[in-house]
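In each ligand, atom 1 is the first atom listed, and ligand 1 is the first ligand listed. Excluded from the calculations below are hydrogen atoms, water molecules and symmetry mates; all remaining heavy atoms, backbone and side chain alike, are included. In this chain, numbering begins with 1 at the start of the sequence shown.
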Amino acid sequence: MARYLVSGGAGYVGSHLVDLLVRQGGEVVVIDNLRQGHRAALPHAVELIEADIADTDALDDAFESGPFHAVFHFAALSLVGESMRQPLRYLRENVGGGLTLIDACIRHNVKRFVLSSTANLFSDTGTGPIAEHATIAPGSPYGESKLIIERALHWADTCHGLRSACLRYFNAAGSDPEGRLGEDHDPETHLIPLVIDTALGRRPPLTVFGDDYPTADGTCVRDYVHVSDLAHAHLCALRQLDTRSVTYNLGTGEGFSVLQVIKAVEQISGRRVPYRIGARRPGDPATLVAASTLIRTEANWHPKLTDLTTIVKTAHTWRAAHPLGYGDRGVLEEARPGALPLDPTKGRALGTQYLGAS
Ligand code: UDP
């Protein structure tokens with residue numbers, strides 16, 4: 001049975017990948033400092049090492065429990081706007097943590113590494129879909145920090161034979177269609193969960209960050225890619241590492257404006273979303289849409305949940321059911337006799353259920 005180490009596996013995208021790996025029979029160890037991640041987002045069978053990836057001793061302990069077929073690296077600060085206010089913190093934590101993890105992989109003879117990278121590497125993006133060979137010019141310290149890790153991985157392959165897949169996510173969105181996993185950030189800054197919470201009356205009116213961009217309705221356009229499709233892309237990319245390192249852009253190829261997202265949420269929730277137009281958010285490019293033909297043709301990635309309505313619907317289902325996010329959950333565990341399900345309708349098809357925290 002293949003063993004995997006997942007840094008940041010208790011976070012939003014990481015937990016969806018962990019779920020997929022476990023369902024496919026993998027053994028998973030997660031290293032996560034739980035600053036943004038949630039224990040309740042992990043199945044009981046997954047070993048959680050609650051530590052920071054900058055902690056070399058903790059990493060060495062984790063690697064002792066290998067060998068690992070691959071390491072997936074999610075643990076990072078990930079907010080564009082925040083990185084414009086705290087550039088050195090982003091560079092220090094993301095670059096420092098990433099390099100420490102890569103170094104540990106080399107020392108412990110790991111051969112495959114999959115990086116959660118970003119579209120924020122591309123700055124002057126124009127309006128068309130962005131391919132992998134487009135000009136790189138990070139629009140924020142966050143994007144810069146990911147670029148440095150991509151480059152470090154290039155040299156780790158060249159000099160040490162550590163093969164890597166750099167996966168440049170466009171906008172990860174939605175949640176597990178079976179309603180067990182979701183998006184729970186504190187504070188939440190991402191558009192779709194904020195619009196949903198506004199529709200549900202849990203927040204004051206939304207601020208739209210600028211309506212004077214060179215787009216059809218003046219608001220920013222993004223390529224929202226479903227988090228379950230993203231998780232699958234990691235497995236497709238991993239297979240490529242048997243022969244070489246790869247870099248892929250990950251999106252659906254279709255962009256939606258902030259106002260279109262608001263409209264989609266209004267349709268699905270049946271409620272009006274009050275909003276006002278505010279100033280632009282520093283670091284935001286006008287349009288970010290992926291050309292992801294490369295991973296489709298080379299690695300056989302076939303995203304299934306590609307329309308905005310489906311993406312918003314899955315996010316809405318989870319948020320409506322979990323006003324406190326994972327805060328109202330116990331521990332996500334495999335079903336076992338005698339367990340006390342808080343919500344027995346959830347997860348049954350996958351052999352999992354939520355248990356009250358002890
Ligand atoms: N956005 C907005 N109001 C908000 C949050 C986000 O207008 O309260 C916009 C943001 O400027 C961007 C888009 O929504 O154009 C998506 O932002 P998000 O933070 O979800 O993802 P990012 O593009 O930064 O990765």
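- In terms of protein heavy atoms, atom 7 (O) of ligand 1 is closest to Phe209 N, 2.8 Å.
- Annotation: atom 11 (O) of ligand 1 to nearest protein heavy atom, Asp284 OD2, 2.6 Å.
- Considering backbone and side-chain atoms alike, Arg281 places an N or O below 3.5 Å from some N or O of ligand 1.
- One side chain, Asn120 or Ser140, offers a donor N or O that lies under 3.5 Å from an acceptor on the other.
- Looking at Val258 next to ligand 1, no N or O pair under 3.5 Å apart turns up.
- The single protein non-hydrogen atom nearest to atom 15 (O) of ligand 1 is Cys220 CB, 2.9 Å, given as residue, atom name and distance.
- Side chain of Asp223 to backbone of Gly255: no donor-acceptor contact under 3.5 angstrom is found.
- Contact atoms of ligand 1 toward Asn171: 16 (C), 21 (O), 22 (P), 23 (O), 25 (O) (distance under 4.0 Å to a heavy atom of the residue).
- Among protein heavy atoms, the minimum distance from atom 3 (N) of ligand 1 is reached at Thr207 O, 2.8 Å.
- Looking at atom 16 (C) of ligand 1, its nearest protein heavy atom turns out to be Tyr224 OH, 3.7 Å.
- Within the 4.5 Å cutoff, the side chain of Tyr169 has heavy atoms near those of the Leu230 side chain.
- Salt bridge status for Arg107 with Asp60: present, with a side-chain N to carboxylate O gap under 4.0 Å.
- Counted by atom type alone, Glu144 and Tyr90 present zero donor-acceptor pairs between their side chains at under 3.5 Å.
- Counting the atoms of ligand 1 from 1 in the order shown, those under 4.0 Å from a heavy atom of Thr189 are 5 (C), 19 (O).
- Of the N and O atoms on the side chains of Thr306 and His226, not one donor lies less than 3.5 Å from an acceptor on the other residue.
- The nearest heavy-atom contact from the protein to atom 20 (O) of ligand 1 is Leu191 N, 2.8 Å.
- Each of the following atoms of ligand 1 lies closer than 4.0 Å to a heavy atom of Val208: 7 (O).
- Using a 30° and 60° split on the angle between ring planes, His108 and Phe63 fall in the parallel class, below 30°.
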